[in-house]
Amino acid sequence: MKVFITGGTGFVGTTLTQKLAQEGHEVTVLTRRLKDQSEGGKGISYAEGDPTQKGAWQEKIADQDVVINLAGASIFRRWSDEAKKLIWDSRIQTTQNLVEALSARKGKETHLLSTSAVGCYGFHEDEVLDERSPSGEGFLADLSREWESAALKARDYGARVTLMRFGIVLGRRGGALQQMITPFKWWMGSPLGSGNQWFSWIHEQDLVHIFLYLIKEKKISEAVNCTAPNPVTNRELTKKIGEVLGKPTFMPPVPGFVMSLMLGEFGLVLLKGQRVVPKKLLDSRCRFSFPDLRSALKDLLG
């Protein structure tokens with residue numbers, strides 16, 4: 001199949017692109033700076049363009065069977081008004097432009113897999129959340145609703161739409177894990193706030209497998225929680241990182257007000273969390289290579 005990817009140069013996108021090419025698919029990666037076409041390897045080519053802006057890149061979607069939307073500015077920063085606008089626009093405008101481009105595919109079989117986030121559920125303390133759970137409140141919930149709504153408009157052109165609700169992606173070359181382990185290197189790893197908030201995560205390898213699985217499994221559409229089957233509390237997360245790194249955690253928890261001072265509204269996301277499970281994937285017997293946090297961390301940090 002022909003696959004078009006936005007955000008394909010990020011740490012998840014790079015791994016996914018390579019895997020798709022290895023399986024024989026023709027992959028086109030949208031990038032703001034055009035790369036040497038030989039750089040990606042066999043089966044991978046590049047198109048130049050800014051996904052938040054309309055442009056000639058949209059014309060390339062006319063002959064694509066699958067469109068994967070991974071683009072979006074990182075949320076792991078202090079949420080100033082400027083940062084929130086960047087986070088919002090990078091997702092909503094990109095998705096709107098992709099859907100507009102899909103109008104050229106009307107009448108043809110097309111699959112749009114568009115990223116969303118488990119933040120759509122808001123904060124529910126210990127409540128277990130699956131794809132049937134209602135949307136919540138807050139910036140991430142509002143963003144996810146608008147993001148998913150923009151993606152679902154692709155159905156007007158006959159596209160099958162899958163909304164990939166990511167948990168925190170743990171990977172080797174980027175993402176949250178690399179930021180998490182920095183304090184542990186100085187023997188300063190500690191829980192955040194109460195430590196009782198839930199942390200819904202996914203190993204990057206399992207996330208890539210989920211993409212491949214959903215492309216082939218045509219019975220699953222709309223919202224899919226892309227998380228490991230076993231979420232953990234922040235306290236458990238801290239303990240297991242320390243154990244795998246061989247650096248026991250003995251520092252007192254970081255007070256909530258310090259998190260708020262450092263990260264503003266984003267600090268609340270880290271202090272609240274969600275307990276999310278991938279019910280649709282489990283019901284369809286999708287297999288996880290790393291269903292528990294210890295095995296995931298040993299693979300990524302060992």
Side-chain angles (χ1 to χ4, degrees), residues 12 69-70 72 75-76 79 87-88 91 95 113-152 161-170 175-177 180 191-204 206-207 209-211 213-214 217 219-238 240 256 259 265-288 290-294 296:
V12 172
N69 182 18
L70 291 171
I75 67 169
F76 289 89
W79 285 0
I87 291 167
W88 186 283
R91 288 161 172 78
T95 305
L113 298 100
S114 189
T115 310
S116 183
V118 296
C120 67
Y121 300 113
F123 308 125
H124 292 264
E125 297 184 346
D126 291 334
E127 181 182 353
V128 178
L129 306 169
D130 62 29
E131 291 87 353
R132 299 168 300 181
S133 301
S135 178
E137 299 179 352
F139 175 70
L140 282 184
D142 293 343
L143 171 62
S144 296
R145 273 194 299 272
E146 190 71 20
W147 200 3
E148 292 182 0
S149 176
L152 287 171
V161 179
T162 304
L163 305 170
M164 313 275 291
R165 292 176 175 171
F166 284 15
I168 302 299
V169 184
L170 304 182
L177 184 60
M180 290 178 195
L192 305 178
S194 70
N196 296 324
Q197 67 272 33
W198 287 92
F199 179 83
S200 298
W201 59 278
I202 183 79
H203 188 295
E204 62 177 345
D206 278 332
L207 181 58
H209 170 71
I210 290 169
F211 270 101
Y213 179 79
L214 291 174
E217 180 52 74
K219 294 181 180 179
I220 302 177
S221 61
E222 297 197 6
V224 176
N225 289 339
C226 299
T227 63
N230 299 295
V232 297
T233 65
N234 177 262
R235 190 175 301 280
E236 291 175 283
L237 168 70
T238 303
K240 284 183 168 59
M259 297 295 298
E265 189 178 345
F266 179 54
L268 186 64
V269 174
L270 299 179
L271 293 169
K272 295 283 189 178
Q274 301 89 15
R275 188 180 185 180
V276 178
V277 294
K279 186 177 189 302
K280 282 189 178 180
L281 293 173
L282 293 174
D283 287 349
S284 67
R285 299 187 179 181
C286 178
R287 299 183 65 180
F288 290 80
F290 302 97
D292 64 276
L293 184 62
R294 179 181 290 277

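Basis for what follows: all heavy atoms, side chains included, without hydrogens, waters or symmetry-related copies.
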*When you look at Leu163 and Leu152, which way does the side-chain contact (heavy atoms from CB on, under 4.5 Å) test go after all the steps?*
CA-CA 8 Å; Leu163 305 170; Leu152 287 171; 4.2 Å; yes
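By the salt bridge (charged side-chain N to carboxylate O under 4.0 Å, His left out) test, Arg91 is found to be paired with no residue, residues two or more places apart in sequence or in another chain being considered. Residues satisfying the side-chain hydrogen bond (donor to acceptor under 3.5 Å, both in side chains) criterion with Glu131, sequence neighbours excluded, are absent altogether. Trp147 is linked by a side-chain hydrogen bond (donor to acceptor under 3.5 Å, both in side chains) to Thr95, counting only residues two or more places apart in sequence or in another chain. Shown here are the side-chain hydrogen bond (donor to acceptor under 3.5 Å, both in side chains) partners of Ser284, two or more places apart in sequence or in another chain: Tyr213. For Glu265, the side-chain hydrogen bond (donor to acceptor under 3.5 Å, both in side chains) partners at least two apart in sequence or on another chain are Lys84.
Atom OG1 of Thr227 is separated from atom CZ of Phe166 by 11.5 Å, given to the nearest 0.5 angstrom. Note: Leu170 CG to Glu204 CD = 9.0 Å, rounded to the nearest 0.5 Å. Distance check, rounded to the nearest 0.5 Å: CG of Leu143 to SG of Cys120 gives 10.5 Å. In this structure, the separation between CD on Glu236 and CZ on Phe199 is 11.5 Å, given to the nearest 0.5 Å. With rounding to the nearest 0.5 angstrom, the CD atom of Gln197 is 11.0 Å from the CG atom of Asp126. Taking SG of Cys286 as the reference point, atom CD1 of Ile220 lies at 7.5 Å (rounded to 0.5 Å).
Inter-residue side-chain proximity for Trp79 and Val269 is flagged as met; some heavy-atom pair is nearer than 4.5 Å. Two residues are said to be in side-chain contact when any heavy atoms from C-beta on lie closer than 4.5 Å; Tyr121 and Arg165 meet this criterion.
In the model, Ser200 has no side-chain atom that pairs as donor or acceptor with a side-chain atom of Gln274 under 3.5 Å. For the residue pair Ser149 / Glu146, no side-chain donor-acceptor distance below 3.5 Å is found, with atom types taken as modelled.
The list of salt bridge (Lys or Arg N to Asp or Glu O under 4.0 Å) pairs with a residue in residues 273-285, not counting sequence neighbours, reads Lys279-Asp283.
By the 30° and 60° cut-offs, the orientation of the rings of Phe139 relative to Trp88 is tilted.
Lys272 NZ: 12 or fewer foreign heavy atoms inside a 6.0 Å radius. Counting heavy atoms of neighbouring residues, nucleotides and ligands inside a 6.0 Å radius, atom CD of Glu125 does not exceed 12 of them.
The backbone N or O of Glu127 sits nowhere less than 3.5 Å from a side-chain atom of Trp198 that would complete a donor-acceptor pair.
Residues Arg132 and Asp130 are paired through a salt bridge, judged by an N-O separation under 4.0 Å between the basic side chain and the carboxylate.
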